[in-house]
Amino acid sequence: MSNQSVRTRFAPSPTGYLHVGGVRTALFAWLIAKQGDGQFILRLEDTDKKREVAGADAHIAESLRWVGIGWEEGFDKPGKHGSYRQSERLDRYQEWAKKLVEQGRAYADPYSAQEVQKFREEAQATKKPFLYRNHRPENPPEWDGTQPLRFKSDPKNYNWHDEVMGDLSTGPEVIDDFILVKSDGYPTYNFSHIVDDVDMEITHIIRGQEFIASTPIYLNLYEALGVTPPIMGTVPHILGPTGNKKLSKRDGAKDILDYREQGYLPAAMMNFLATLGWNDGTEQEVFTTEELISKFDMKRIQKNGSRFDETRLSWLQGAHVRKASIDELYKLVQSFWPESAEEFPDDYKRRVLALLQDRLKHFAELPALSSFFFEDLEPNLDLISSHKQLKKLPETELKSLLSEAVAMLKDNDFSENSLVAGLNELLEKTNQKPAVLFSLIRICVTWSPSSPGLAETLNLLGKDRSLKQLEHALTIPLARAHSS
RNA sequence: GGCCCCUUCGUCUAAUGGUUAGGACACCAGGUUUUCAUCCUGGCAAUAGGAGUUCGAUUCUCCUAGGGGUCACCA
């Protein structure tokens, strides 16, 4: 019966999308499983029917899959432990509940919700902490399933070890009789996750710090069940961009799949999430998935919450883009090209991408960076009038420089080398600074605020299109008329 | 309020008794024959406060302050 391999799980409730916080918790658990050559389980905690959102389960699965997190067993991938959807495991919780009742460790709660609430308010009025067990009925009715079933706790001190937080301890005052099974027959999270983790032979529980306060009651329940608790790792929250509150959907935390829409690389996202609150002790910042698996260590997770910083994500994205091979990158950006790129052959687009690799971050920027390679943009005279050097030149000067450029380029074979040579000669011939001459040509060919190197750009655009753009520029007024 | 946890540059963090407190992001300046980037160089910038232990505290102890979590028939 003993299973030595590491088994971790991520157990979201299907109430909506996943944001970076949830995915990070899943990632940590996944890394531990992969590192131990073990299994990662995706379980669905769907015991609150009221909060359930249709389709959330598939959306969650899709989110994890995108980041690169896969699971050996899950709600959509049955394994040796039956269903991984709690709503389909009700019999199992009933069995365990009955066992606890037989052992005298669980009893029916005879009070109505209103009555319990009254106890709570009384305690509050006398400034005492509310404990249900102070009202524990002497002769509880037999549990018929219509009342909530409560755990009969055994209050005591607890000292336990948390892989992230270190040694923790609490007194008996935090141990109370909590509800195991709700009056609708569904188990509470507090009960179901323990039964499931035992059944599914989970060895490490990784979860957010909101569960740290209830860990003692879980320990109490494990004891009643005669079960050794799994290893626990409590991960601090990710903080929102402002304030010190935990990142939440309410404050605009995005669906993780929004980052896919914006064209972030899964590897960059994984790198970002893993290093938010964790580092390997060296100065390494950029990690591959394989490196994360081999280097991850729960003991090095930060005890305090860390702030979500999209700027860092963007930087990591750039780092991963630059590391990627063009083939890899080309596959990933396929849905992000501007519409005008559609007609162009793969080879051409691949070359555009190669020129853009150093300046591309998330792929949604691709159209803005590349459109002039696929279509002739409208002349934008602001580019000249706002240019430090060009704005000082009169119309005649601009036109004559352009004419010289056209003349030179007409004689050029447009190989990159010839272009570099030709442009250099032109600098000498016109006695101009690159800041003037190259800017003017670049702007009149692309009409784009930025572009790759001039020779590379002309080379890729080709002789016909480059000359056509320059000759067109010769026919329009370039210098803005000064009013004074 | 009770209980628990946390506190190093703006941000992510390194350093567990001896360092000019290190790195990265961001920002600023300079360089790489134009722009935007990349890359390189330099700069700015932190141990929450107070006691104590010690020859010596970011590091150990205590107190204070601040922040967070939790106290559901939600997970």
Side-chain angles (χ1 to χ4, degrees), chain A residues 11-13 15 45-48 50-51 86 109 112-113 116-117 120 123-124 127-131 147-150 162 165-166 168-171 173-174 176 178-190 192-193 207-216 234 236-237 239 241 243-246 272 275-286 302-309 311-316 318-319 322 356-361 368-369 383 387-390 420 423-424 427 432-443 446 448-454 457:
Chain A
S13 53
T15 53
E45 312 239 329
D46 58 343
T47 57
D48 185 355
K50 293 187 287 288
R51 293 205 310 154
Q86 289 186 328
D109 178 350
S112 69
V116 175
Q117 181 57 28
R120 191 173 284 126
Q124 251 166 24
K127 297 202 169 176
K128 283 184 175 166
F130 169 72
L131 283 171
Q147 319 98 321
L149 184 72
R150 285 203 183 249
D162 185 286
M165 302 304 290
L168 302 172
S169 60
T170 51
E173 69 280 354
V174 303
D176 197 13
F178 63 97
I179 291 176
L180 299 168
V181 180
K182 298 179 267 184
S183 56
D184 66 0
Y186 280 81
T188 59
Y189 165 83
N190 294 335
S192 60
H193 90 272
R207 60 182 154 201
Q209 69 174 182
E210 65 269 29
F211 294 102
I212 206 161
S214 42
T215 298
T234 303
H237 289 141
L239 277 31
N244 288 316
K245 289 273 196 278
K246 139 184 175 182
F272 171 72
T275 54
L276 194 55
W278 172 84
N279 71 84
D280 74 341
T282 72
E283 285 175 359
Q284 184 169 357
E285 304 278 345
V286 181
Q302 240 22 257
K303 285 196 178 97
N304 52 325
S306 38
R307 195 174 299 280
F308 176 72
D309 178 13
T311 312
R312 184 179 152 77
L313 170 61
S314 181
W315 172 73
L316 277 169
R322 271 167 258 128
L356 260 24
Q357 187 171 18
D358 279 351
R359 57 211 86 204
L360 185 61
K361 289 212 168 80
L369 291 174
L383 293 174
H387 189 280
K388 275 192 296 256
Q389 321 260 355
L390 293 182
V420 169
L423 288 167
N424 279 336
L427 276 181
Q432 269 298 351
K433 288 184 287 195
V436 170
L437 184 64
F438 290 179
S439 293
L440 180 64
I441 299 172
R442 192 194 73 73
I443 288 171
T446 67
S448 173
S450 74
S451 60
L454 184 51
T457 301

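Naming: A, B, ... by sequence-line order, numbering from 1 per chain. Quick caveat, the model's predicted, so the values are computed rather than measured.
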- Message: From C-beta outward on A:Arg150, which listed nucleotide comes closest to its side chain: B:A75, B:C73, B:C3?
- Response: B:C73

- Note on the structure: Between A:Arg442 and A:Glu210, the residue closer to the 5' end of RNA chain B by nearest nucleotide is A:Arg442

- A:Glu283 CD to B:A24 C1': how many Å, rounded? 8 Å

- Task: Would you confirm whether A:His387, through its side chain, and A:Gln389, through its main-chain N or O, come within 3.5 Å as a donor-acceptor pair?
- Result: yes

- Query: Nearest of B:U34, B:C73, B:G68 to any side-chain atom of A:Gln209?
  - Reply: B:G68

- Task: Keeping the roles fixed (side chain from A:Asp48, backbone from A:Lys50), state whether a donor-acceptor pair exists under 3.5 Å.
- Result: yes

- Query: Base, sugar-phosphate, or nothing for A:Phe178, non-hydrogen atoms under 4.0 angstrom?
  - Reply: nothing

- Determine the Euclidean distance between corresponding C1' atoms of B:U32 and B:G18; express it in Å to zero decimal places. 42 Å

- Message: Under 4.0 Å, heavy atoms only, any strand: does A:Lys433 hit a base, just the sugar-phosphate, or nothing?
- Response: nothing

- Query: Contact class for A:Ser306 (heavy atom, under 4.0 Å): base, sugar-phosphate, or nothing?
  - Reply: sugar-phosphate

- Query: For A:Ser314, which contact category applies under a 4.0 Å heavy-atom criterion: base, sugar-phosphate, or nothing?
  - Reply: nothing

- Message: Testing the basics here: between A:Pro452 and A:Arg359, what is the closest heavy-atom pair and its distance to 0.1 Å?
- Response: CA-NH1, 3.6 Å

- Query: Counting side-chain heavy atoms from CB outward, which of B:C6, B:U35, B:C3 is closest to A:Val174?
  - Reply: B:C3

- Candidate nucleotides B:C3, B:C74, B:U38, ranked by approach to the side chain of A:Thr170 - the nearest: B:C3

- Flag side-chain contact, heavy atom, 4.5 Å: A:Thr311 against A:Trp315: no

- Using a heavy-atom cut-off of under 4.0 Å over every strand shown, decide if A:Ser451 touches base, sugar-phosphate, or nothing. base

- Residues A:Pro216 and A:Ala213: closest non-hydrogen pair is CD-O, 3.4 Å

- Task: Sort out the partner of B:U8 for me: Watson-Crick or G-U wobble, both distances under 3.5 Å, none otherwise.
- Result: none

- To the side chain of A:His387, which of B:A37, B:C6, B:U34 is closest? B:U34

- Out of B:C74, B:A37, B:U70, which nucleotide sits closest to the side chain of A:Arg51? B:C74

- Query: What pair of heavy atoms forms the shortest contact from A:Thr275 to A:Glu285, and how long is it?
  - Reply: CG2-O, 4.4 Å

- Please determine, for B:U34, whether a Watson-Crick or G-U wobble partner exists with both distances under 3.5 Å, and give it or none. none

- Classify the side chain of A:Arg359 versus the base of B:C36 as yes if they form a donor-acceptor pair under 3.5 Å and no if they do not. yes

Taking N or O atoms only and anything under 3.5 Å, show me the protein contacts with nucleotides 40-46 of chain B, one pair per line.
none

- Query: Whole-Å distance between B:C71 C1' and A:Asn190 CG?
  - Reply: 12 Å

- Side-chain H-bond candidate by donor/acceptor type, A:His237 with A:Glu210, under 3.5 Å: yes

- Query: Across the strands shown, which category fits A:Thr275 at heavy-atom distances under 4.0 angstrom: base, sugar-phosphate, nothing?
  - Reply: sugar-phosphate

- If B:G42 has a Watson-Crick or G-U wobble mate with both distances under 3.5 Å, name it; if not, just say none. B:C28

- Task: Take atom CG of A:Leu360 and atom P of B:C39, then tell me their distance rounded to the nearest Å.
- Result: 14 Å

- Task: Take the angle between the ring planes of A:Tyr189 and A:Phe211 and call it parallel below 30°, perpendicular above 60°, tilted in between.
- Result: tilted

- Any chance the side chains of A:Arg442 and A:Thr457 put a donor and an acceptor closer than 3.5 Å? no

- Task: Could you state the atom-to-atom distance from NE2 of A:His237 to P of B:U7 in whole Å?
- Result: 16 Å

- Mind checking the C1' distance from B:G22 to B:U59? Whole angstroms is fine. 16 Å

- Task: For A:Asp309 and B:C9, give me the distance from atom CG to atom P, rounded to whole Å.
- Result: 15 Å

- Query: Which one, B:U13, B:G2, B:C5, comes nearest to the side chain of A:Asn279?
  - Reply: B:U13

- Donor-acceptor pair, A:Thr188 side chain versus A:Ile179 backbone, under 3.5 Å? yes

- Task: Using the P atom on both, measure B:G43 against B:G1 and round to a whole Å.
- Result: 47 Å

- Does any nucleotide pair with B:A57 by Watson-Crick or G-U wobble geometry, both distances under 3.5 Å, and what is it? none

- In Watson-Crick or G-U wobble terms, both distances under 3.5 Å, what is the partner of B:U19? none

- Message: Quick check for you: to the nearest 0.5 Å, what is the distance between A:Arg51 atom CZ and A:Thr15 atom OG1?
- Response: 5.0 Å

- Expressed in whole Å, how much space separates the C1' atoms belonging to B:U13 and B:U58? 14 Å

- Message: Once you apply a heavy-atom cut-off of 4.0 Å, does A:Asp176 come out as touching a base, just sugar-phosphate, or nothing?
- Response: nothing

- Note on the structure: Under a 3.5 Å limit on both distances, the Watson-Crick or wobble mate of B:G2 is B:U70

- Task: Check A:Asn244 against A:Arg307 and note the closest heavy-atom contact, atom names and distance.
- Result: OD1-NH2, 3.2 Å

- Item | Which nucleotide in B:G23, B:C73, B:U33 has an atom nearest any side-chain atom of A:Ala113 | B:C73

- Item | 5′-ward residue of the pair A:Leu427/A:Asp46 relative to RNA chain B | A:Leu427

- Note on the structure: Testing B:U34, B:G68, B:A24 for proximity to the side chain of A:Asn244, the answer is B:G68

- Query: When we call it a touch if two heavy atoms are under 4.0 Å apart, what does A:Lys303 touch: a base, just sugar-phosphate, or nothing?
  - Reply: sugar-phosphate

- Message: Mind checking if A:Pro452 touches a base, just sugar-phosphate, or nothing, with heavy atoms under 4.0 Å?
- Response: base

- Item | Atom pair distance, as rounded to whole Å: CG in A:Leu149 and P in B:C73 | 13 Å

- State which of B:G2, B:G22, B:A14 makes the closest approach to the side chain of A:Gln302. B:A14

- Pick the C1' atom in B:U41 and in B:A46, then give their distance to the nearest Å. 24 Å

- Query: Just how far, in rounded Å, is P of B:G10 from CH2 of A:Trp315?
  - Reply: 20 Å

- Message: Using atom P in both nucleotides, what's the gap between B:A45 and B:U38 to the nearest angstrom?
- Response: 24 Å

- Does A:Thr188 get its side chain close enough to the base of B:C73, under 3.5 Å, for a donor-acceptor pair? no

- Query: Expressed as a whole number of Å, how far does the C1' atom of B:G42 sit from that of B:U47?
  - Reply: 25 Å

- Heavy atoms under 4.0 Å, any strand shown: does A:Gly171 hit a base, just sugar-phosphate, or nothing? nothing

- What nucleic acid atoms does A:Ser169 come within less than 4.0 Å of, heavy atoms only: base, sugar-phosphate, or nothing? sugar-phosphate

- Message: Using whole Å, what does the distance between atom P of nucleotide B:A48 and atom CG of A:Asn304 come to?
- Response: 11 Å

- Any side-chain N or O of A:Lys182 under 4.0 Å from OP1/OP2 of B:C74? yes

- Query: Taking the P atom of each, how far is B:C36 from B:G31, in whole Å?
  - Reply: 13 Å

